[in-house]
Amino acid sequence: MELYGYWRSSASYRARIALNFKRLDYQYLPVHLLRDGGQQHQQAYRQLNPNGLVPTLVDGKTVIHQSLAIMEYLDEKYPGPALLPGKAADRAQIRAMSLDLASELQPLINLRVQQYLSGTLKLDDQAKKAWLAHWFAKAFASFEISLIDHGGNYCYGDLFSMADACLVPQVYSAERFGIDLTAYPRLQAMYQKLLELPWVAAAHPSKQPDAES
Ligand SMILES: N[C@@H](CCC(=O)N[C@@H](CS)C(=O)NCC(=O)O)C(=O)O
């Protein structure tokens, strides 16, 4: 299997956590999101992923983009620990918590959105910071409540799941952007605990071959 990704892309980070958790071997193929005007826009890569976004998973003849689709595919195709454990209602709740981060927050803070804010809408750094702080606050305030309602040893109950694979990269991004996390004690504690897990630690951006200092 091959995973096209970028070291500090949150969506790639999710997929790496999932692959490690499922104990699947894969080759990591870096796509530099800034170099050469963004290698994700090059034609060869766009043939794999027409959105020009990372990650993309290649498993034999199967090519999949969208990190949540990748995680569900890995779970259905490969045995081992489940990213979506439990019954239908548990699994729906895990998907909902995952989407709260991967679909309601991450697209608003993505590189191409930030490039549009500064390049086309001419927002200055202060306005961009306010944009990021606003969307992080909305998403993390509601995730804090979800953790009260559904959290246990992990984001949902007492088993690791796709929701945990989604939380870690989003908090990593928040730290990168200097977002104040003091209003979210449960989220912070969960993040610190998850970072210790070996399959999460190995997926950390700083551990990837394309990591930059
Ligand atoms: N919903 C997608 C999001 C993918 C995505 O936004 N990837 C970002 C990095 S986290 C990207 O490739 N950005 C490149 C760009 O904005 O040009 C997923 O979960 O895979």
Side-chain angles (χ1 to χ4, degrees), residues 1-22 24 26 28-59 62-76 83-84 94-121 123 128 131-132 135-136 139-140 143 155 161-177 179 200 203-212:
M1 251 185 289
E2 287 113 46
L3 182 76
Y4 289 81
Y6 181 58
W7 64 290
R8 63 181 185 188
S9 137
S10 56
S12 307
Y13 194 176
R14 287 174 210 140
R16 293 194 301 262
I17 292 172
L19 282 157
N20 294 346
F21 177 65
K22 302 285 292 182
L24 295 167
Y26 68 97
Y28 178 73
L29 300 171
V31 178
H32 202 293
L33 297 186
L34 298 168
R35 198 172 292 154
D36 312 322
Q39 294 173 350
Q40 71 276 28
H41 304 305
Q42 290 174 354
Q43 207 192 338
Y45 183 70
R46 279 202 177 244
Q47 276 172 355
L48 289 174
N49 185 336
N51 288 314
L53 298 169
V54 291
T56 303
L57 180 82
V58 179
D59 185 14
T62 305
V63 181
I64 310 171
H65 65 280
Q66 287 292 350
S67 60
L68 267 57
I70 290 170
M71 289 194 266
E72 294 229 17
Y73 167 80
L74 294 174
D75 228 23
E76 286 172 28
L83 285 157
L84 281 159
I94 292 165
R95 287 189 184 97
M97 289 175 80
S98 303
L99 288 164
D100 284 344
L101 298 169
S103 163
E104 302 305 326
L105 170 60
Q106 190 264 333
L108 291 162
I109 59 163
N110 192 16
L111 174 66
R112 64 184 181 179
V113 169
Q114 294 200 54
Q115 286 173 336
Y116 187 81
L117 293 176
S118 48
T120 305
L121 300 183
L123 296 194
K128 270 175 60 190
W131 169 281
L132 291 173
W135 294 115
F136 270 109
F140 282 0
F143 205 86
C155 285
S161 74
M162 186 162 82
D164 300 290
C166 289
L167 179 66
V168 171
Q170 261 12 97
V171 185
Y172 167 82
S173 297
E175 285 182 333
R176 220 183 109 208
F177 294 129
I179 303 296
V200 174
H204 194 272
S206 63
K207 301 272 171 56
Q208 307 315 305
D210 55 338
E212 295 164 23

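We number each residue from 1, following the sequence as shown. First listed ligand is number 1; within each ligand, the first listed atom is number 1. The basis for the numbers below is simple: all heavy atoms, side chains too, and nothing from hydrogens, waters or symmetry mates.
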Aromatic plane relationship, H204 with Y13 - under 30° parallel, 30 to 60° tilted, over 60° perpendicular: perpendicular
Output a table of donor-acceptor pairs, distance under 3.5 Å, between side-chain atoms of residues 161-173 and any protein atom two or more places apart or on a different chain; print 'none' if there are none.
from, atom 1, to, atom 2, distance (Å)
S161, OG, A163, N, 3.2
D164, OD1, C155, N, 2.9
D164, OD2, S161, N, 2.8
Q170, OE1, R14, NH2, 3.2
S173, OG, P169, O, 3.1

Option of least heavy-atom distance to atom 13 (N) of ligand 1 (set: N110, L57, V31): N110
Interfacing atoms of ligand 1 (cut-off 4.0 Å, heavy-atom, V54): 4 (C), 5 (C), 7 (N), 8 (C), 11 (C), 12 (O)
Protein heavy atom at shortest distance from atom 11 (C) of ligand 1: L53 CD2, 3.5 Å
Residue-ligand contact H65/ligand 1, heavy atom below 4.0 Å: no
Nearest-neighbour protein heavy atom for atom 16 (O) of ligand 1, which is reported as residue plus atom name and distance: R112 N, 2.9 Å
Whether S10 lies under 4.0 Å from ligand 1, heavy atom: yes
Nearest-0.5 Å distance, CG of residue L3 to OG1 of residue T56: 8.0 Å
Structural part of Q115 in contact with ligand 1, heavy atom criterion under 4.0 angstrom: neither
Min side-chain heavy-atom separation N20-Y26 under 4.5 Å: yes
Carboxylate-amine/guanidinium proximity below 4.0 Å for R95 and E72: yes
Nearest neighbour in protein (non-hydrogen) for atom 20 (O) of ligand 1: S67 N, 2.8 Å
Under 3.5 Å: donor-acceptor pair, side chain of H32, backbone of R35: yes
Under 4.0 Å to a heavy atom of S9 - the qualifying atoms of ligand 1, by number: 9 (C), 10 (S)
Proximity flag Q106 to ligand 1, non-hydrogen atoms under 4.0 Å: yes
Taking atom 15 (C) of ligand 1 as the reference point, the nearest protein heavy atom with its distance: Q40 NE2, 3.6 Å
Ligand-residue contact atoms, ligand 1 with R14, heavy atoms, under 4.0 Å: 18 (C), 19 (O)
Student check: side-chain heavy atoms of P30 and W7 closer than 4.5 Å: no
Separation between OH of Y73 and CG of L57, rounded to the nearest 0.5 Å: 7.0 Å
Can you give me every donor-acceptor pair (side chain of residues 106-118, partner residue at least two apart or in another chain, under 3.5 Å) with its distance?
from, atom 1, to, atom 2, distance (Å)
Q114, NE2, I109, O, 2.9
S118, OG, Q114, O, 3.0

Proximal ligand 1 atoms for P55, defined as those under 4.0 Å from one of its heavy atoms: 20 (O)
Residue and atom name of the nearest protein heavy atom (relative to atom 1 (N) of ligand 1), distance in Å to one decimal: Q66 OE1, 2.6 Å
